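Written out below as structure tokens is the structure these notes cover.
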Number of protein chains: 2
Amino acid sequence: MSISKTYTISELAREFGITTRTIRYYEDEALLSPGREGQQRIYAEKDRVLLKLILRGKRLGFSLSESKAILALYEPGGSNRHQLQTMLNLLREKQESLRLRLEDIEMMQSDLLEAEERISRALTDGQENGDPDSHKQN
Amino acid sequence: MSISKTYTISELAREFGITTRTIRYYEDEALLSPGREGQQRIYAEKDRVLLKLILRGKRLGFSLSESKAILALYEPGGSNRHQLQTMLNLLREKQESLRLRLEDIEMMQSDLLEAEERISRALTDGQENGDPDSHKQN
DNA sequence: GTTCTAGTTTACGTAAACGTAAACTAGAAT
DNA sequence: ATTCTAGTTTACGTTTACGTAAACTAGAAC
């Protein structure tokens, strides 16, 4: 038994900058299933990791149901060969979509860099030659 | 005057695999403003590029209003120094968020790779020792 | 001349992902 | 004993990003 630290819902909410409503919603959608101590939810480290992965998926534009499907791949679940093959296919599909998103990011990065250079030039040019039109405002 | 090819709304819809409703919606939200020929919308190459950028942003999880703000940075608009500085700040902010997303992708990629190896092993292991209906649970 | 075919406007409907308010519970602090 | 302070359930509300249907227009095809 390694660590067994637990968390309350508001601790997790604070850590990840989300509301408790959000965390409960993920449970409604069956992405989380924390333990209970009486009426209160009690989150284990495993739940915290799951939450982190869900939020990562969200930042990458995955829907909750997509994230749910991805999370299922991390579990040692797979029993028969057919299920394993299905999981493997889904995995490769997701990997491919990640590759595409990575390309999207790289393209957008280079676009933003260009824009930055252009604006930087506009700024320094304005400094050098006085920017004829804007002697009024600084 | 380089190219001046134009597109109808359904041509663009077909090319990008979206509906005309979506394209008109983006216009409602002021992300596009195509010309008109009588009552019909007529899209120039510039509009096509904008649409492409909007969809790219969408894939990366940006909201339409975020994309709108980003697209504004590509226009040679900036007039006074204050506006240029604001744009520059927003640009760097977006670049930073892209860097973070890139990290997210890399982490998810390595997670998926691990999962793939695990499942692959489960498959070949099952092949080696027969696995006759898995009489025990994992 | 009518019937297709795209296109248009207007407007109500919808799924996802929460926000927000109300009403309740249970332990801690005063 | 009451008042905080989390936590809980239930349920209706809201925003974003479109879907979908209805009713109209205008040129092309038959």
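Here is the naming used below: chain letters follow the sequence lines, and residue numbers restart at 1 for every chain. The shown structure was predicted, so the numbers you read here are calculated from the model rather than taken from an experiment. FYI, side chains are in, hydrogens and waters are out, and symmetry mates aren't considered; it's all heavy atoms of this structure.
Contacts of B:Ser63 with the nucleic acid, taken as non-hydrogen atoms under 4.0 Å apart, involve only primed sugar atoms and P, OP1 or OP2. Among the protein residues, B:Thr8 comes within range of the sugar-phosphate backbone only, with heavy atoms under 4.0 Å from sugar or phosphate atoms but none that close to a base.
Contact annotation: the side chain of A:Leu51 approaches that of A:Ile18 to within less than 4.5 Å [non-hydrogen atoms, C-beta and beyond]. Side-chain contact between B:Tyr26 and B:Leu55 is present, with at least one heavy-atom pair separated by less than 4.5 Å. No side-chain heavy atom of A:Arg48 sits under 4.5 Å from any side-chain heavy atom of A:Lys5.
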Report task. Applying side chain to side chain contact (heavy atoms under 4.5 Å, CB included), run through A:Leu112 and B:Leu98 and close with a yes or a no. Result -> CA-CA 10 Å; A:Leu112 289 186; B:Leu98 282 184; 3.7 Å; yes

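Position along DNA chain C of the nearest nucleotide to B:Arg24 versus A:Tyr26 favours B:Arg24 as the more 5'-ward residue. For A:Tyr43 and A:Arg21, each mapped to the nucleotide of DNA chain D holding its nearest heavy atom, the one lying further toward the 5' end belongs to A:Tyr43.
Heavy-atom contacts of chain A under 4.0 Å fall on DNA chain C between two terminal nucleotides, which in 5' to 3' order are C:dA17 to C:dT20.
Remark: C:dC4 base-pairs with D:dG27. Criterion, Watson-Crick or G-U wobble with two distances under 3.5 Å.
No side-chain donor-acceptor contact under 3.5 Å links B:Ser10 to the backbone of B:Ala13.
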Please report, to 0.1 Å, the donor-acceptor pairs under 3.5 Å made by any side chain of residues 84-96 of chain B, with sequence neighbours excluded.
unit_1	atom_1	unit_2	atom_2	d
B:Thr86	OG1	B:His82	O	2.9
B:Asn89	ND2	B:Gln85	O	3.4
B:Arg92	NE	A:Glu116	OE2	2.9
B:Arg92	NH2	A:Glu116	OE2	2.9
B:Lys94	NZ	B:Glu66	OE2	3.3
B:Gln95	NE2	A:Glu116	OE1	3.0
B:Glu96	OE1	B:Arg99	NE	3.0
B:Glu96	OE1	B:Arg99	NH2	3.1

